[in-house]
S.K.: 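This is the structure I have questions about; it appears just below.
In what follows, every heavy atom counts, from backbone to side chain, and hydrogens, waters and symmetry copies are set aside. Here the structure is a predicted model, which means the values were calculated and not measured.
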Amino acid sequence: MRSLVLDFQEMDKKQLGLVGGKGLHLGELSKIEGIRVPEGFCVTTIGYQRAIEQNETYQAMLNRLTMLSAEDRDQMVEISRKIRQTIMEVEIPSDVVTAVTRYLSRFGEEQAYAVRSSATAEDLPHASFAGQQDTYLNIIGVDAILQHISKCWASLFTDRAVIYRMQNGFDHRQVYLSVVVQRMVFPEASGILFTADPMTSNRKLLSIDAGFGLGEALVSGLVSADGYKVREGEIIEKRIAAKTLAIYGRKEGGTETKQIDPDQQKSQTLTDEQILQLARIGRQIEAHFGQPQDIEWCLAQDTFYIVQSRPITTLYPIPEANDQENHVYVSVGHQQMMTDPMKPLGLSFFLLTTPAPMRTAGGRLFVDTTAMLASPVSRENVLNTLGQSDPLIKDALMTILERGDFIKSLPIAENEQTPGKNNISSAGYQTPIDHDPTIVSDLMERTQSSIEVLKQNIQTKSGSDLFDFILEDIQELKKNLFDPQSSAVIMAAMNASTWINEKMNEWLGEKNAADTLSQSVPGNVTSEMGLALLDVADVIRPYPEIIDYLEQAKDDHFLDKLLTFDGGQQAQDAILDFLDKYGMRCAGEIDLTRTRWSEKPIALVPLILGNIKNFEPNASHRKFEQGRQEALKKEQELLDRLKQLPDGEGKAQETKRMIDLIRNFMGYREYPKYGMVNRYFIYKQALLKEAERLVQAGVIHHKEDIYYLTFEELDEVVRTNKLDNPGSMVEQQAKLAIRQMISKRKEEYNVFEKLTPPRVITSDGEIIAGEYKRENIPAEAIVGLPVSSGTVEGRARVILNMKDADLEEGDILVTAFTDPSWTPLFVSIKGLVTEVGGLMTHGAVIAREYGLPAVVGVENATKRIKDGQRIRVHGSEGYIEILS
């Protein structure tokens with residue numbers, strides 16, 4: 001039978017289920033040469049299970065608790081209290097008592113001990129659970145220790161521990177508790193050591209908090225700690241706090257709080273030599289565990305003891321590089337308006353599509369901008385381009401460049417142009433472009449024709465031929481995406497918009513004039529999509545029976561059942577026509593693995609019902625025409641005012657030319673991505689057919705499992721799934737390895753979902769946050785980037801998932817980010833606030849076209865603004881006021 005008690009030296013890495021995360025780490029620490037760990041042992045989870053397994057009251061209440069969610073707080077608190085009470089009343093099994101007594105006799109029964117909880121879901125690489133269960137210090141005597149073992153078991157069901165498990169998806173019935181019993185050290189000083197800076201995530205910067213006495217004074221917030229920062233063996237910062245109190249152990253057991261002598265209160269807790277010694281210990285422990293650590297330490301008689309080490313779970317992973325040089329990485333998700341993690345197949349397709357130097361980390365894509373920032377020629381271009389996309393990214397990059405020591409500037413080669421005369425700009429952005437709007441229709445027709453050819457040709461491909469075909473077609477996709485004429489059209493509209501805003505402000509004192517001029521531009525496939533769904537609502541509106549049916553519809557078979565109703569054929573045709581043109585779209589559409597509207601059309605039903613409720617018939621035409629008339633009116637107003645100025649005719653003529661560029665070309669901005677998503681969906685459908693064959697062959701369990709393989713890995717699986725000896729041991733092992741890798745990737749993806757990606761991260765792991773530098777903003781205002789002018793008041797609707805949207809006309813949408821799939825919601829709102837975005841990202845472009853005041857790039861907007869609050873959005877100045 002497995003042991004009921006294990007001493008630290010008896011543990012091994014496979015015993016998490018016996019000793020919990022804290023106990024396992026202490027066992028590991030005690031085996032590192034040169035690291036001092038106070039002696040101790042763990043009462044394993046077997047003892048806890050023995051104590052409660054036959055208790056019917058405990059089991060009944062645990063079943064009730066498992067049925068609750070975090071929202072059922074009152075019931076959760078009451079049931080948790082009863083479970084704790086039941087555990088405290090349970091008798092500790094006699095063999096557990098015997099084992100504990102035996103180990104205490106080895107270490108000394110009259111010694112003082114710390115009795116600490118160690119759960120099996122604690123101090124894990126992806127969830128620390130720090131502080132969720134209880135710790136008791138300076139406990140003396142067998143009886144007292146046994147009593148506190150029961151208290152630790154009961155603390156598995158503190159309110160905070162129960163809620164934390166609910167939020168992190170841990171089953172209460174699958175989490176057990178071990179208890180660490182560890183000899184007390186009575187330190188002169190103690191504290192916390194982070195081997196990566198918790199404020200910036202910089203892995204090269206150690207952060208030490210130190211105070212007098214036991215560490216509980218710091219952890220509980222009773223006193224401020226000294227703060228020391230160490231980088232590469234050098235103390236670079238010291239903050240000496242006024243330490244008025246300290247907690248010490250009492251001889252008879254327990255702890256007491258004492259006043260510190262006034263002459264000692266502002267003295268440095270650790271000497272410089274001790275700080276550097278502790279930093280070296282931290283690096284040694286970090287190297288042993290292979291990742292940054294959060295370490296509890298104490299200093300007694302000039303010796304450092306380590307009483308705990310756990311992984312720092314809040315750090316964002318660093319994109320991998322093949323060298324030891326400095327690198328600066330910029331988030332792709334913040335530019336593509338999709339900061340959620342992508343599955344491996346989706347990541348690999350995006351990597352195949354883009355020529356940029358990409359890296360992955362935490363399920364997200366990052367561009368390595370180091371070389372571009374190092375060159376004076378490309379630096380200005382990169383900063384300006386990213387600045388338009390997201391000013392916070394530009395400001396963060398400027399912060400790095402201004403340091404002067406992280407990125408080394410390269411000399412300008414003789415064949416390169418100097419900044420300000422950028423060869424990239426002259427070759428790409430300023431390509432002469434005809435005002436003829438047929439350029440846009442020709443580009444669209446060319447893309448659509450190639451998509452139709454793809455649809456036909458891919459039908460005949462399977463197996464390895466399919467993968468070769470897709471790789472070949474991706475070259476066609478890239479040709480369309482990066483067509484110089486296509487880029488010139490987009491840049492002509494963007495540059496014209498910038499010119500209009502600058503010149504109208506200079507000549508007429510008119511701010512953001514291009515916003516109004518951009519309303520209802522023709523040819524924007526994404527804004528047309530939002531209006532098209534209004535037309536679908538018009539078809540269904542005359543049929544109350546269908547509306548009632550749709551309000552109850554829950555599954556994707558609703559389309560077939562429509563035919564049983566009067567008007568059902570028309571309703572079905574309208575929805576299918578919409579899906580034929582837009583069904584490849586969905587939330588997070590740059591990830592090929594995301595579920596498309598064609599795959600789950602029920603997702604459209606709430607949007608259609610919302611349109612029926614909020615709008616009168618023919619709303620799409622009225623909305624578009626209203627925007628077009630406002631744009632024409634603004635154009636005429638500007639031209640009339642310009643003609644009154646000196647050289648007015650010339651200024652008006654040049655302005656008219658720029659307005660025409662905006663009206664003819666701005667709508668095309670969304671089309672290349674539409675073409676890319678179209679192709680992605682065709683690839684996906686073909687790959688899912690291959691996945692069905694893999695399921696039949698027993699290689700994978702579900703066809704969607706292929707999402708957790710890269711394109712290259714999936715190609716290899718398909719090619720090697722033609723073994724000569726089906727059912728052989730070699731084949732079975734190969735299939736098992738594939739399924740294990742998929743399972744591991746699924747776990748990783750669940751971890752990635754909890755991470756918040758940074759806009760900018762360095763190869764040191766440092767996260768650089770940009771700032772908006774603007775004046776004349778009210779003190780209480782929430783600041784962001786102005787992207788669509790106007791001021792509007794309304795009810796804030798904080799929506800994180802489009803399927804949860806319940807909007808009424810006049811609401812202001814507050815969300816993390818919007819991609820094209822959110823466009824149907826824009827017809828119902830009158831203002832927009834997002835956490836991510838820039839001047840030319842999706843939400844901003846569509847907001848301007850629909851005439852919605854919008855502020856984007858608002859840090860933590862969905863937390864700072866509460867659902868239902870009345871807010872005022874200042875789309876011209878870039879801030880939000882909370883009114884109630």
S.K.: List for me each residue that meets side chain to side chain donor-acceptor pair (under 3.5 Å) alongside E877, sequence neighbours excluded, and say none if there are none.
M.R.: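 Counting only residues at least two positions away or on another chain, E877 forms no side chain to side chain donor-acceptor pair (under 3.5 Å).
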S.K.: Give me each pair satisfying salt bridge (Lys or Arg N to Asp or Glu O under 4.0 Å) with a member in residues 330-340, each pair once, sequence neighbours excluded.
M.R.: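 Passing the test, one end in residues 330-340: D340-R594.
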S.K.: Does CD belonging to E753 count more than 12 external heavy atoms closer than 6.0 Å?
M.R.: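 Count over threshold, so yes.
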S.K.: I'd like to check the side chain to side chain donor-acceptor pair (under 3.5 Å) partners of E649; sequence neighbours left out, ordered by chain and number.
M.R.: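 In terms of side chain to side chain donor-acceptor pair (under 3.5 Å), with neighbours along the sequence ignored, E649 is linked to no residue.
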S.K.: Step by step, work out the side chain to side chain contact (heavy atoms under 4.5 Å, CB included) result for R596 and V677.
M.R.: CA-CA 10 Å; R596 310 284 144 173; V677 172; 3.5 Å; yes
S.K.: Looking at R663 and E635, does any basic side-chain N land under 4.0 Å from a carboxylate oxygen?
M.R.: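 Here R663 does not pair with E635 in a salt bridge, since their nearest N and O are not under 4.0 Å apart.
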S.K.: K623 vs F615, test: side chain to side chain contact (heavy atoms under 4.5 Å, CB included). Steps then yes/no.
M.R.: CA-CA 11 Å; K623 272 186 170 290; F615 296 99; 3.5 Å; yes
S.K.: Decide yes or no for L533 and Y582: does some side-chain heavy atom of the first lie under 4.5 Å from some side-chain heavy atom of the second?
M.R.: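 Side chain of L533 against side chain of Y582, heavy atoms only: no contact under 4.5 Å found.
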S.K.: Please tabulate, for side-chain N and O atoms in residues 786-795, each donor-acceptor pair with protein atoms closer than 3.5 Å (sequence neighbours left out).
M.R.:
unit_1	atom_1	unit_2	atom_2	d
S788	OG	L852	O	2.7
S789	OG	D515	OD2	3.3
E793	OE2	R872	NE	2.9
E793	OE2	R872	NH2	2.7
R795	NE	D811	OD1	3.1
R795	NH2	D811	OD1	3.3
R795	NH2	D811	OD2	2.9

S.K.: Is there a donor-acceptor contact under 3.5 Å from the side chain of S389 to the main chain of T385?
M.R.: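 No.
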S.K.: Less than 4.5 Å apart, any side-chain heavy atom of I777 and any of H874?
M.R.: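 Side-chain contact under 4.5 Å: no.
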S.K.: Check K656 with D660, please: is the shortest side-chain N to carboxylate O separation under 4.0 Å?
M.R.: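 Counted as a salt bridge, because a side-chain N and a carboxylate O are separated by less than 4.0 Å.
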S.K.: Can you tell me how far the CD atom of Q869 sits from the CD1 atom of I880, to the nearest 0.5 Å?
M.R.: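 The distance works out to 11.5 Å.
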S.K.: Consider side-chain contact (heavy atoms from CB on, under 4.5 Å). Of T498, I500, N505, which one does E502 pass it with?
M.R.: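 Answer after filtering T498, I500, N505: T498.
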S.K.: Is the count of non-hydrogen atoms from other residues, nucleotides or ligands lying under 6.0 Å from E780 atom CD greater than 12?
M.R.: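 Atom CD in E780 is not packed in, count stays at 12 or less.
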S.K.: Going by the rule side chain to side chain donor-acceptor pair (under 3.5 Å), which residues pair with N611 if we only count those two or more places apart in sequence or in a different chain?
M.R.: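 Scan of N611 (side chain to side chain donor-acceptor pair (under 3.5 Å), adjacent residues dropped) gives none.
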S.K.: Has R669 got a side-chain atom pairing as donor or acceptor with M494's backbone, closer than 3.5 angstrom?
M.R.: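 No; zero donor-acceptor contacts below 3.5 Å.
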S.K.: With sequence neighbours excluded, tell me which residues meet ring pair (Phe, Tyr, Trp, His ring centres under 6.0 Å) with H334.
M.R.: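 Scan of H334 (ring pair (Phe, Tyr, Trp, His ring centres under 6.0 Å), adjacent residues dropped) gives none.
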S.K.: If the condition is ring pair (Phe, Tyr, Trp, His ring centres under 6.0 Å), which residues does Y329 pass it with, not counting sequence neighbours?
M.R.: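 If we apply the ring pair (Phe, Tyr, Trp, His ring centres under 6.0 Å) test to Y329, skipping adjacent residues, the hits are H327.
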S.K.: Has S441 got a side-chain atom pairing as donor or acceptor with T438's backbone, closer than 3.5 angstrom?
M.R.: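 Side chain of S441 to backbone of T438, a donor-acceptor pair under 3.5 Å: yes, one is there.
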S.K.: Does atom NZ (K773) have a neighbourhood of more than 12 heavy atoms from anything else shown, all under 6.0 Å?
M.R.: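 It does: K773 NZ has more than 12 such atoms within range.
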S.K.: Tell me, please, whether Y772 has R774 positioned over its six-membered ring: NZ or CZ under 6.0 Å from the ring centre and within 45 degrees of its axis?
M.R.: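 Ring-cation test returns yes.
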S.K.: Quick one: do E859 and R864 make a salt bridge, cutoff under 4.0 Å?
M.R.: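 Result for this pair is no, no salt bridge flagged.
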S.K.: Please check: side-chain N/O of T354 versus main-chain N/O of F350, any donor-acceptor pairing under 3.5 Å?
M.R.: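 Judged by distance alone, no pair lies under 3.5 Å.
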S.K.: So F665 and V521, side chain to side chain contact (heavy atoms under 4.5 Å, CB included) or not? Walk me through it.
M.R.: CA-CA 8 Å; F665 295 152; V521 295; over 6 Å; no
S.K.: Okay, side chain of R364, backbone of T339: is any donor-acceptor separation there less than 3.5 Å?
M.R.: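 Such a contact is found between R364 side chain and T339 backbone.
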S.K.: Is the shortest heavy-atom distance from the side chain of K503 to the side chain of T655 under 4.5 Å?
M.R.: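 A side-chain contact is absent here, since even the closest heavy-atom pair is not under 4.5 Å.
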S.K.: Using modelled atom types and a 3.5 Å cut-off, is there a donor and acceptor pairing between side-chain atoms of R622 and backbone atoms of P617?
M.R.: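 Checked: pair present.
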S.K.: Mind checking salt bridge (charged side-chain N to carboxylate O under 4.0 Å, His left out) for E771 and listing every partner two or more places apart, or none if nothing turns up?
M.R.: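 Salt bridge (charged side-chain N to carboxylate O under 4.0 Å, His left out) list for E771, sorted by chain: empty.
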S.K.: When you measure from the side chain of K651 to the backbone of L645, do you find a donor-acceptor pair of N or O atoms at a distance under 3.5 Å?
M.R.: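 No; zero donor-acceptor contacts below 3.5 Å.
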S.K.: Using modelled atom types only, decide if a donor and an acceptor are shared between the side chain of Q388 and the backbone of N384 within a distance under 3.5 Å.
M.R.: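 Side chain of Q388 to backbone of N384: no pair is present.
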S.K.: Please lay out, stage by stage, how I662 and I659 fare under the test side chain to side chain contact (heavy atoms under 4.5 Å, CB included).
M.R.: CA-CA 5 Å; I662 291 174; I659 292 173; 5.5 Å; no
S.K.: Kindly write out the residues that satisfy side chain to side chain donor-acceptor pair (under 3.5 Å) with E849, not counting sequence neighbours, or none if the list is empty.
M.R.: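 E849 satisfies side chain to side chain donor-acceptor pair (under 3.5 Å) with N524, S527 once adjacent residues are dropped.
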S.K.: In terms of side-chain geometry, is the basic nitrogen of R628 or E625 positioned less than 4.0 Å from the acidic oxygen of its partner?
M.R.: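 Counted as a salt bridge, because a side-chain N and a carboxylate O are separated by less than 4.0 Å.
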S.K.: More than 12 heavy atoms of other residues, nucleotides or ligands under 6.0 Å from CD of Q653: yes or no?
M.R.: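 No, because the 6.0 Å sphere around CD of Q653 holds 12 heavy atoms or fewer from other groups.
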S.K.: Please tell me whether T526 and R585 have a donor and an acceptor in their side chains that are separated by less than 3.5 angstrom.
M.R.: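 Looking only at side-chain atoms, R585 and T526 do form a donor-acceptor pair, the distance falling under 3.5 Å.
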S.K.: Do L373 and L383 have side chains that get closer than 4.5 Å, going by heavy atoms?
M.R.: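 Result yes, sub-4.5 Å side-chain heavy-atom pair found.
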S.K.: Between D395 and P391 (side chain of the first, backbone of the second, donor and acceptor by atom type, cut-off under 3.5 Å), is there such a pair?
M.R.: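 Such a contact is absent between D395 side chain and P391 backbone.
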S.K.: Is the closest side-chain heavy-atom distance between E599 and F681 below 4.5 Å?
M.R.: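 When only atoms from C-beta onward are counted, F681 and E599 do touch, with a gap below 4.5 Å.
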S.K.: Which value, rounded to the nearest 0.5 Å, describes the distance between L576 atom CG and D580 atom CG?
M.R.: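 Nearest 0.5 Å value for the CG-CG distance: 8.5 Å.
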S.K.: Give a yes or no answer on whether the side chain of N501 reaches the backbone of A514 with a donor-acceptor pair at less than 3.5 Å.
M.R.: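 Present.
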S.K.: Measuring from atom CD of Q519 to atom CD of Q626, what distance do you get when rounded to the nearest 0.5 angstrom?
M.R.: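 Q519 atom CD to Q626 atom CD measures 8.0 Å (nearest 0.5 Å).
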S.K.: Does anything in residues 829-848 pair up under side chain to side chain donor-acceptor pair (under 3.5 Å), and if so which pairs, sequence neighbours excluded?
M.R.: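 Sorted result for residues 829-848: T818-H842, T823-H842, E835-T862.
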S.K.: Counting only heavy atoms not in E616 (residues, nucleotides, ligands), do more than 12 fall under 6.0 Å from its CD?
M.R.: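 Open.
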S.K.: With sequence neighbours left out, write down each residue that passes ring pair (Phe, Tyr, Trp, His ring centres under 6.0 Å) with Y316, or none if nothing qualifies.
M.R.: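 Listed in chain order: F366.
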S.K.: Check ring pair (Phe, Tyr, Trp, His ring centres under 6.0 Å) between Y671 and all other residues, then give those that pass, not counting sequence neighbours.
M.R.: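 Residues passing ring pair (Phe, Tyr, Trp, His ring centres under 6.0 Å) with Y671: Y674.
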S.K.: Under the salt bridge (Lys or Arg N to Asp or Glu O under 4.0 Å) criterion, do E637 and R641 qualify, and how do the steps go?
M.R.: CA-CA 6 Å; E637 175 202 321; R641 290 170 65 191; 3.3 Å; yes
S.K.: Can you check whether L661 reaches N495 side chain to side chain, under 4.5 Å on heavy atoms?
M.R.: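 With C-beta onward as the side chain, the pair stays apart.
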S.K.: Heavy-atom distance under 4.5 Å between the side chains of V440 and P522, does that happen here?
M.R.: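 V440 does not reach P522 side chain to side chain.
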S.K.: Looking at CZ of R759 and CD of Q335, how far apart are the two atoms once the value is rounded to the nearest 0.5 Å?
M.R.: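 The distance works out to 10.5 Å.
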S.K.: With rounding to the nearest 0.5 Å, note down the distance linking CH2 in W822 to CG in L832.
M.R.: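 Output value for this atom pair is 9.5 Å.
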S.K.: Are more than 12 heavy atoms from other residues, nucleotides or ligands located less than 6.0 Å from atom NZ of K613?
M.R.: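 Result for NZ/K613: enclosed.
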